[in-house]
Amino acid sequence: GSRGMATSGVLPLELVDKCVGSRIWVIMRGDKELVGTLRGFDDFVNMVLEDVIEYEDTPEGRLETRLEQMLLNGSNVAALVPGSEGPGATDN
């Protein structure tokens with residue numbers, strides 16, 4: 001049985017797996033967004049990111065923090081956008 005899963009053929013973890021080695025835009029619950037190169041993940045979508053830019057909206061404006069590497073807890077992730085440079089990107 002499919003147990004109510006969508007039958008589109010792409011499971012969430014398959015999509016994340018396709019993103020390993022490429023840039024990914026992570027939108028967190030709250031006021032943070034991250035853009036980095038996805039190096040790995042587990043079943044809980046905890047992610048290892050490299051060359052990370054963290055964007056945080058504050059009353060003073062948007063802060064940018066650059067990090068070489070980080071482990072991101074998947075429990076606070078609201079959305080993942082594969083292949084995007086995120087909020088700092090300009091449209092081509």
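Keep in mind that what you see is a predicted model, and the values were worked out from it rather than measured. The chain is numbered in sequence order, starting from 1.
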Euclidean distance, [Y] [atom2] relative to [X] [atom1], rounded to 0.5 Å:
X: D17; Y: L38; atom1: CG; atom2: CG; answer: 9.0 Å
X: R62; Y: K32; atom1: CZ; atom2: NZ; answer: 13.0 Å
X: L49; Y: E68; atom1: CG; atom2: CD; answer: 13.0 Å
X: L34; Y: E56; atom1: CG; atom2: CD; answer: 9.5 Å

Count I, L, V, M, F, W, Y as connected when their side-chain heavy atoms are under 4.5 Å apart, and connections chain through other members. Are [X] and [Y] then in the same cluster?
X: I27; Y: Y55; answer: yes
X: I24; Y: M70; answer: yes
X: L72; Y: V45; answer: yes

Apply side chain to side chain contact (heavy atoms under 4.5 Å, CB included) to residues L80 and V16 and explain how you reach the verdict. CA-CA 8 Å; L80 298 172; V16 178; 3.8 Å; yes

Judged by modelled atom types alone, do W25 and E85 share a side-chain donor-acceptor pair under 3.5 Å?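 Not at all, the side chains of W25 and E85 share no donor-acceptor pair under 3.5 Å.
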
Just one of L71, V77, V20 clears the side chain to side chain contact (heavy atoms under 4.5 Å, CB included) bar with M47, so which one?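 Considering L71, V77, V20, a side chain to side chain contact (heavy atoms under 4.5 Å, CB included) with M47 is found only for V77.
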
Is it true that a side-chain atom of S84 and a backbone atom of V81 form a donor plus acceptor pair closer than 3.5 Å?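 It does not hold such a pair.
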
Main-chain N/O of G74 paired with N46 side-chain donor or acceptor, under 3.5 Å: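 Yes, the answer is positive, given that a donor and an acceptor are paired below the 3.5 Å cut-off.
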
Check N73 against M28 and note the closest heavy-atom contact, atom names and distance.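 Of all heavy-atom pairs spanning N73 and M28, the closest is O-CE, 4.4 Å.
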
Looking at every heavy atom in both P87 and V35, which two are closest together, and how far apart are they?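 So the two residues come closest at CD-CG2, 4.0 Å.
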
Taking the side chain as every heavy atom from C-beta outward, state whether D43 and L13 have any atom pair closer than 4.5 Å.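 D43 reaches L13 side chain to side chain.
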
Which residue is it: E50, Q69, R23? I am looking for the one with a side-chain hydrogen bond (donor to acceptor under 3.5 Å, both in side chains) to T37.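 Option passing the side-chain hydrogen bond (donor to acceptor under 3.5 Å, both in side chains) with T37: R23.
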
Return yes when atom CZ of R29 has more than 12 non-hydrogen atoms of other residues, nucleotides or ligands closer than 6.0 Å, and no otherwise.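 Yes, CZ of R29 has more than 12 neighbouring heavy atoms, counting only those of other groups under 6.0 Å.
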
